[in-house]
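First comes the structure, then the notes that go with it.
By convention in this document, chain letters (A, B, ...) are assigned in the order of the sequence lines, proteins followed by strands, and residues within each chain are numbered from 1. Because the structure is predicted, anything quoted here is derived from the model rather than measured.
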Number of protein chains: 2
Amino acid sequence: MRRPTLEAVAARAGVSRATASRVVNGQATVAPHIRDAVLRAIDELGYVPNSAARSLVTQRTDSIALVVSEPPTRVFSEDPLFSTVIRSASVELEAVNKQVVLMLASSPMSHARVERYIAGGHVDGVMLISMHGADPLPSALSRLRVPVVSYGRPAVPVDIPYVDNDNVGGAELAVRHLVSTGRRRIATIAGPQDMIGGQDRLTGYRTVLRDSDRRSIVAVGDFTRESGAVAMRQLLGDDPSLDAVFVANDLMAVGALQSLRLAGRRVPDDVAVVGFDDIEAAKYTEPPLTTIRHPVVEQATAMVRLLLGLFEGGPADPVILPTELVIRDSA
Amino acid sequence: MRRPTLEAVAARAGVSRATASRVVNGQATVAPHIRDAVLRAIDELGYVPNSAARSLVTQRTDSIALVVSEPPTRVFSEDPLFSTVIRSASVELEAVNKQVVLMLASSPMSHARVERYIAGGHVDGVMLISMHGADPLPSALSRLRVPVVSYGRPAVPVDIPYVDNDNVGGAELAVRHLVSTGRRRIATIAGPQDMIGGQDRLTGYRTVLRDSDRRSIVAVGDFTRESGAVAMRQLLGDDPSLDAVFVANDLMAVGALQSLRLAGRRVPDDVAVVGFDDIEAAKYTEPPLTTIRHPVVEQATAMVRLLLGLFEGGPADPVILPTELVIRDSA
DNA sequence: TTGGGCTGAGAGAGCGCTCTCTCAGAAGGG
DNA sequence: CCCTTCTGAGAGAGCGCTCTCTCAGCCCAA
């Protein structure tokens with residue numbers, strides 16, 4: 001009733017276990033007719049190698065931990081990027097026959113759990129998706145002797161290779177677009193400043209405003225729709241004459257559009273709005289949202305390749321992917 | 001340089017490997033002072049059990065496959081329910097120290113891969129998230145000698161316990177609400193008929209209409225926003241005098257609202273709209289969407305409990321969770 | 001005092017696999 | 001024709017752990 005072992009395959013094929021193993025692992029030093037006999041036996045018995053036994057001796061597990069370290073705001077969990085990243089990374093890893101072990105690290109308790117698990121050598125490598133700056137996980141994992149890559153630049157300077165999009169450049173693109181279309185009073189709704197994306201996108205905004213001799217008008221949100229609505233109301237109160245706003249992500253931009261509508265401002269006539277991320281919903285806002293697209297899928301696959309490269313002693317250099325301005329109707 | 005083994009712990013504590021193992025596994029038959037010595041040794045050496053070795057002998061892996069069998073339309077991947085289900089299930093499984101192995105089964109090739117993997121005994125159980133009817137995976141997996149539970153009733157009759165929400169009842173709730181508010185010509189935008197959700201929600205609609213002596217007006221979408229918009233236009237063409245529409249999911253309802261707006265119909269004055277799912281976006285449509293809420297998180301955790309119960313020889317009865325009408329402004 | 005029952009701890013087998021070492025036999029060179 | 005080289009295949013150790021079996025030592029009743 002038990003699953004067949006290599007021993008059984010060997011017996012059936014009339015060879016030794018070692019030879020059967022060689023066939024299973026595709027070594028060339030097996031005579032064709034013997035290989036065929038073994039393959040037939042494998043097929044007949046429905047043999048599947050026992051991975052526990054295999055990794056016990058090889059010291060490899062062929063599985064990769066995908067650690068999602070979620071910020072307290074939970075914005076990430078509702079973020080469509082979340083599933084896209086996980087999906088893309090999974091597809092890529094499955095293509096090279098690596099298992100994906102999904103781990104959530106939201107509480108300190110689960111942090112400890114993840115650390116213990118990784119330290120336990122259950123996985124060959126770690127892909128870390130961590131978004132908020134105070135996260136102790138990047139530095140904790142970098143101390144372990146396990147290859148780790150990060151989706152997004154870690155907020156604390158730590159020696160982990162990462163893949164990120166050009167947040168600063170993207171924000172510059174957005175604001176420069178507003179400048180070039182003649183907007184004078186360009187505000188921003190920034191993201192949380194303990195997240196890299198929040199920081200960098202604000203930096204990009206500031207850089208362009210400084211260079212174009214405009215005053216910066218800043219409100220801060222937390223990447224949720226509501227916070228975008230609140231921040232927009234606040235900006236309108238602070239400076240009723242503003243004629244453009246760069247919002248650090250699309251979710252907040254949706255909220256901002258709502259507040260603008262409620263305040264009776266026409267978009268883009270009175271106020272131009274540019275978002276960031278190009279989420280699906282950006283196409284369906286009223287008016288459709290001009291935004292910055294960054295290549296989520298590419299970022300995920302680049303992360304996988306970076307990690308796989310690490311296994312073979314490849315370079316540990318960060319990868320920065322370009323962003324792109326998508327012009328719709330809001331600006 | 002290698003990770004410490006149980007042998008090392010035993011040596012340091014001055015006991016046998018067997019005793020060290022007893023302590024690690026929390027057996028009571030160890031004298032307190034010896035237990036302490038072992039625990040100290042574990043701590044000092046930073047010992048973590050090797051799971052490969054352990055599962056080699058216990059024949060357990062303590063990991064669960066979360067198989068996402070995606071319909072070709074890819075609607076699921078953009079569905080916010082996707083991440084909610086995965087997240088909830090993960091949290092629940094991690095609480096009982098089970099690993100989550102995420103597997104995507106989108107192509108026939110990856111189907112084979114998943115089957116091979118499951119057959120290989122790499123996991124103790126399978127949670128199957130499969131949405132479209134033609135999926136061969138449920139029946140394939142049910143043949144394997146591995147506990148399997150399904151998120152949502154499998155479309156083909158197959159002997160897998162599942163957790164689902166009451167799609168029929170939910171649809172009835174929605175349509176009955178429209179009837180009770182005096183709507184006369186109630187149309188529906190149904191979901192794909194090769195998905196259980198699509199079928200059942202249409203059934204619920206038909207049941208109530210029949211009982212209340214109204215004619216059914218049906219258009220079919222594929223659960224995407226666009227298809228909802230298209231279907232709505234079609235319905236308006238078919239029966240310009242319709243005064244209500246039950247849409248089988250919120251995504252399509254968003255599209256329908258758009259088409260209604262474009263056609264100059266006021267919601268809910270001219271046409272009442274009820275959706276299904278209560279996704280986040282339903283709160284922010286214009287007007288906010290009346291819809292049917294089903295407990296996604298509860299469904300996911302119930303699925304986990306069902307699977308864990310199976311391990312202990314628990315019942316394999318399907319679990320059906322109730323739905324709830326959420327009244328906003330669209331109906 | 002002696003024997004039986006019980007408790008706590010060790011010895012050792014074995015889970016299924018890989019991989020080194022060894023060796024038989026064929027091929028090739030002097 | 002013999003010795004060396006090479007190739008293909010087997011023997012066997014051992015990865016780190018669990019768990020059964022065994023047994024030493026203790027307590028208590030007879």
Original post:
In whole Å, what is the span from the CG atom of B/Asn25 to the P atom of D/dC19?
Top reply: 7 Å

Subject >> B/Arg3 CZ - D/dG16 P separation (whole Å) >> reply: 9 Å

I want to check something: taking the side chain as every heavy atom from C-beta on, are [X] and [Y] in contact at a cut-off of under 4.5 Å?
{"X": "A/Lys98", "Y": "A/Ser63", "value": "no"}
{"X": "A/Ser21", "Y": "A/Val24", "value": "no"}
{"X": "B/Val126", "Y": "B/Val114", "value": "no"}
{"X": "A/Val15", "Y": "A/Ile34", "value": "yes"}
{"X": "B/Val85", "Y": "B/Tyr151", "value": "yes"}

Does any residue of [range] have a heavy atom under 4.0 Å from DNA chain C, and if so, which ones, in number order?
{"range": "residues 116-126 of chain B", "value": "none"}
{"range": "residues 41-62 of chain B", "value": "B/Leu56, B/Val57, B/Gln59"}
{"range": "residues 7-14 of chain B", "value": "none"}

Determine all donor-acceptor pairs shorter than 3.5 Å in which one atom belongs to a side chain in residues 300-321 of chain A; sequence neighbours excluded.
{"unit_1": "A/Thr301", "atom_1": "OG1", "unit_2": "A/Val297", "atom_2": "O", "d": "3.3"}
{"unit_1": "A/Thr301", "atom_1": "OG1", "unit_2": "A/Glu298", "atom_2": "O", "d": "3.0"}
{"unit_1": "A/Arg305", "atom_1": "NH1", "unit_2": "A/Glu92", "atom_2": "OE2", "d": "3.4"}

Pull out every protein N or O sitting under 3.5 Å from an N or O of nucleotides 11-13 of chain C, one pair per line with the distance.
{"unit_1": "C/dA13", "atom_1": "N6", "unit_2": "B/Arg17", "atom_2": "NH2", "d": "3.0"}

Subject >> Test salt bridge (charged side-chain N to carboxylate O under 4.0 Å, His left out) applied to B/Glu94 - qualifying residues, sequence neighbours left out >> reply: A/Arg113

Among residues at least two apart in sequence or on other chains, which ones pass side chain to side chain contact (heavy atoms under 4.5 Å, CB included) with [X]?
{"X": "B/Asp43", "answer": "none"}
{"X": "B/Ala140", "answer": "B/Glu115, B/Arg143"}
{"X": "B/Arg22", "answer": "B/Ala18, B/Thr19, B/Gln27, B/Thr29, B/Val30"}
{"X": "B/Gln59", "answer": "A/Arg2"}

Subject >> Any B/Ser21 side-chain N or O less than 4.0 Å from OP1/OP2 of D/dC17 >> reply: no

Subject >> A/Arg12: partners by side chain to side chain donor-acceptor pair (under 3.5 Å), with sequence neighbours left out >> reply: A/Glu44

Subject >> Sequence neighbours excluded, every pair satisfying side-chain hydrogen bond (donor to acceptor under 3.5 Å, both in side chains) that has a member inside residues 120-129 of chain B >> reply: A/Ser51-B/His122, B/Thr61-B/Asp124

**OP:** Take B/Ala31 and A/Thr5, find for each the nucleotide of DNA chain C with the closest heavy atom, and name the residue whose nucleotide sits nearer the 5' end.
**Re:** B/Ala31

**OP:** Could you check whether B/Val24 gets within reach of a base, just the sugar-phosphate, or nothing at all, counting any heavy atom under 4.0 Å?
**Re:** nothing

